[in-house]
Amino acid sequence: MAKYKAPRGTKDVLPDEIPEWRFVEETFRHVCSLYGYREIRTPAFEETELFVRTAGESSDIVTKQMYTFSDPGGESYTLRPEGTAPTVRAYIQHNLGYGMPLVKLFYIAPIFRYERPQAGRLRQHHQVGIEVLGSSDPAVDAEVVALGVDFLSSVGVSGYEIHINSVGCQNCRPAYRQALIGFLEPLKDGLCEDCKRRLKVNPLRILDCKEEICKALTASAPRILAYLCDECRVHFESVLSYLKTIGVELVVDSRLVRGLDYYTKTTFEFLHPSLGAQSAVLAGGRYDGLVEECGGKRTPGIGFGCGIERVLILRQHYNLRTDEGNIVDVFVCAVGESVRQHAFKLLKELRCAGVRADMDYLGRSLKAQMRFADRLGATYVVIIGDEELSNGVATLRAMRESKQQQVPLDKLVDYLRSLEERGS
RNA sequence: GCGGGCGUAGCUCAGAGGUUAGAGCACUGGGCUGUGGCCCCAGGGGUCGCGGGUUCGAGUCCCGCCGCUCGCCCCA
């Protein structure tokens with residue numbers, strides 16, 4: 001047993017898995033560029049206060065999931081538990097909106113939450129996400145959902161449902177909240193323990209409870225869509241209309257309530273059945289009050305986060321797999337100690353000429369060197385021994401064709417480079 | 001925080017009270033004295049998660065702890 005292990009709920013991404021990660025990340029970057037989004041990178045930790053203010057005092061994230069620590073100077077910091085607040089903080093701090101009324105950003109970042117790990121849920125996971133700041137146009141809501149659709153289809157994921165809802169705004173949500181409390185108060189003895197507590201701190205969350213008894217009791221509860229103010233109702237209908245125009249299928253789900261306090265108007269989740277209880281692969285919503293809450297000018301915003309590990313689970317589910325291909329193009333086999341200096345020099349020249357190349361550093365037999373070259377996927381093997389050296393040549397073996405020839409040592413690098421160029 | 005399953009070689013796993021703990025894959029060497037893949041032979045590699053208990057004897061049975069994993073809550 002190893003003495004040290006990766007902390008609970010964290011994972012090492014090993015070399016064999018890196019191609020999958022790079023594929024997902026690069027695909028995301030590409031899709032974002034098609035939509036005019038630019039990348040931003042923010043620190044892994046922020047002042048604790050930022051998350052407490054934005055996610056909400058009573059949210060699960062703030063009450064029990066944050067990795068908070070104080071640095072030697074006594075400041076309280078928290079490892080990023082979500083991607084939106086840091087992005088908004090950077091947007092305000094650097095005046096990204098100055099002279100640029102609409103800003104579209106994307107990020108790829110680790111996210112930290114203290115939770116019980118299980119399939120598709122980690123204490124450090126990674127999200128790709130986007131944020132649009134500066135427009136309340138319902139077409140932007142539709143664009144954000146559309147980008148999510150394009151991203152998932154580009155990485156080969158299908159079979160999900162998009163649930164969408166509007167949670168209203170500061171003008172209409174209080175009335176709905178009162179109506180909901182009024183409906184549930186007489187029934188509260190039948191609710192689960194968690195929901196009895198939610199009734200006081202965040203009654204909307206009761207609609208999202210997975211307990212059958214709560215689902216039954218809330219089946220006929222008032223629906224938020226019936227309480228939206230004119231502005232929110234028109235906005236939501238317009239979002240649905242834009243999405244219909246581009247052929248995105250939706251499930252309007254009036255029970256969809258998200259865990260963060262800052263959401264307004266549109267909220268959505270992309271749910272996939274094969275993810276089990278953690279069925280959300282991509283989720284987000286509009287947050288028209290967040291920038292102001294963080295000390296900036298009143299600026300509407302909307303975005304989503306998407307769990308990379310969950311995307312990878314789904315790719316596995318669909319038997320999708322990108323592999324690395326060959327690791328080097330050329331392997332240099334030195335036969336005998338006396339030729340190693342020459343082999344080492346040749347290796348350096350190959351690499352400087354842009355040819356991926358390697359050699360043996362374990363003093364292995366030629367047979368073992370060949371086997372290793374095969375395992376690295378080398379297209380060519382260069383064999384140099386005393387005989388070759390005294391004739392000023394090397395044996396060049398084409399592995400896939402199982403053919404070999406003698407090539408003058410001083411022509412070898414150019415020759416291999418030309419073969420490479422022709423091959424690629 | 002609560003419940004189920006599992007911890008034996010680098011990996012996947014067999015072994016269910018009785019010599020010195022095994023297999024496949026991988027690795028190293030040889031068959032092939034300078035040539036990969038296929039085949040054959042050999043070799044290296046293990047505090048059987050940790051600690052205690054029962055027993056003449058414990059990977060094996062019992063208890064505790066730790067870890068991993070799956071589910072509940074919640075989230076990407």
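Because the structure is predicted, anything quoted here is derived from the model rather than measured. Labels below follow one simple rule: chain letters A, B, ... track the order of the sequence lines, proteins then strands, and each chain is numbered from 1.
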Q) Which label fits B:G45, syn or anti, where anti is any glycosidic angle not within 90° of 0? A)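 In terms of base orientation relative to the sugar, B:G45 is anti.
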Separation of the [atom1] atoms in [N] and [M], to the nearest angstrom:
N     : M     : atom1 : value
B:G59 : B:G44 : C1'   : 23 Å
B:G34 : B:C38 : P     : 22 Å
B:U60 : B:G7  : C1'   : 14 Å
B:A23 : B:C62 : P     : 28 Å
B:C40 : B:C32 : C1'   : 12 Å

Q) Parallel, tilted or perpendicular: which describes the rings of A:Phe69 and A:Tyr77, with under 30° parallel and over 60° perpendicular? A)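 Answer is tilted, since the angle falls between 30° and 60°.
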When all nucleic acid strands are considered with a 4.0 Å heavy-atom cut-off, which category describes [X]: base, sugar-phosphate, or nothing?
X        : answer
A:Arg375 : sugar-phosphate
A:Ile111 : nothing
A:Leu122 : base
A:Arg123 : nothing
A:Ala373 : nothing
A:Gln404 : base

Q.
Using only atom types and a distance under 3.5 Å, with no angle test, would you say the side chain of A:Tyr176 pairs donor to acceptor with the backbone of A:Pro222?
A.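 Judged by distance alone, yes, a pair lies under 3.5 Å.
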Could you state the atom-to-atom distance from [atom1] of [X] to [atom2] of [N] in whole Å?
X        : N     : atom1 : atom2 : result
A:Ile313 : B:A76 : CD1   : C1'   : 10 Å
A:Met370 : B:G37 : CE    : C1'   : 10 Å
A:Leu256 : B:A76 : CG    : P     : 11 Å
A:Asp16  : B:U12 : CG    : C1'   : 15 Å
A:Tyr114 : B:C73 : OH    : P     : 19 Å

Considering residues at least two apart in sequence or located in another chain, which fulfil the ring pair (Phe, Tyr, Trp, His ring centres under 6.0 Å) criterion with [X]?
X        : value
A:Phe183 : none
A:Tyr263 : none
A:Tyr91  : none

Q. Around A:Arg364, counting heavy atoms of other residues, nucleotides and ligands shown, do more than 12 lie under 6.0 Å from its CZ?
A.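 Buried by this count: over 12 neighbours within 6.0 Å.
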Q) How do A:Lys64 and A:Arg116 order along RNA chain B: which one's closest nucleotide is nearer the 5' end? A)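 Its nucleotide being nearer the 5' end, the pick is A:Arg116.
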Q) When the nearest nucleotide of RNA chain B is assigned to A:Lys403 and to A:Cys306 on a heavy-atom basis, which residue is associated with the more 5' position? A)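 With A:Lys403 and A:Cys306 compared, the 5'-side residue is A:Lys403.
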Q. So which pairs with a foot in residues 132-146 of chain A pass side chain to side chain donor-acceptor pair (under 3.5 Å), sequence neighbours left out?
A.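 Sorted pair list: A:Tyr37-A:Glu143, A:Lys104-A:Glu143, A:Asp141-A:His235, A:Asp141-A:Thr266, A:Asp141-A:Arg286.
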Q: Can you sort out which residues in residues 360-369 of chain A have a heavy atom within less than 4.0 Å of RNA chain B? Ascending by number, please.
A: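 Close to the strand are A:Arg364, A:Ser365, A:Leu366, A:Lys367, A:Ala368.
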Has the side chain of [X] got a donor or acceptor that lies under 3.5 Å from a partner of the other kind on the base of [N]?
X        : N     : answer
A:Glu388 : B:G34 : yes
A:Arg8   : B:C68 : no
A:Gln118 : B:C73 : yes

Q: State which residues pass salt bridge (charged side-chain N to carboxylate O under 4.0 Å, His left out) with A:Arg53; sequence neighbours excluded, sorted by chain then number.
A: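 By the salt bridge (charged side-chain N to carboxylate O under 4.0 Å, His left out) rule, A:Arg53 matches A:Glu293.
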